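Below: one structure, written as structure tokens.
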Amino acid sequence: MTHYPFYNALQDKSKIMPNGNFGLWYNKFIPLSNKFKASDDCGNDTRAVEFYFERYGQMKKSNVAELLKQKHNDQRTYCESFPSDNYESIQIEVKLASPLLTG
């Protein structure tokens, strides 16, 4: 048997999550075995590493460029929602010389 350390409605979503933030999924949506050890989605704690490797592969295949483009559009729309007489929107596009880590 598998235990999920979060409420039932989220359990169904976590089982079919095809893309997104693997680190968040790994830290928050991890299934547990009867011994409360990391496991696959069937409660098999001896197969946990393979399960996470497979899940990472699924999420890695997601179209990151499209997700990032959608995020930029969402931010632009949010900025445009403010009244123009009280706010000024500035958009800066840059290319990083090295990887960026936030958080």
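Only a predicted model underlies this, so the values are computations on that prediction, with no experimental measurement involved.
- By the side-chain hydrogen bond (donor to acceptor under 3.5 Å, both in side chains) test, Glu54 is found to be paired with Arg47, residues two or more places apart in sequence or in another chain being considered.
- Tested against Asn73 for a side chain to side chain donor-acceptor pair (under 3.5 Å), the candidates Arg76, Gln75, Gln70 yield a single pass: Arg76.
- Of all heavy-atom pairs spanning Ala38 and Asp45, the tightest one is O-CB, 3.3 Å.
- Note that the OG1 atom of Thr77 and the NE2 atom of His72 stand 12.5 Å from one another [nearest 0.5 Å].
- Here the OG1-CG distance, from Thr46 to Asp40, works out to 7.5 Å after rounding to the nearest 0.5 Å.
- Sorted by first and then second residue, the pairs that involve residues 80-103 and meet ring pair (Phe, Tyr, Trp, His ring centres under 6.0 Å), not counting sequence neighbours, are Tyr78-Phe82, Phe82-Tyr87.
- In terms of heavy-atom proximity, Gly43 sits nearest to Ser33 at O-CB, 3.3 Å.
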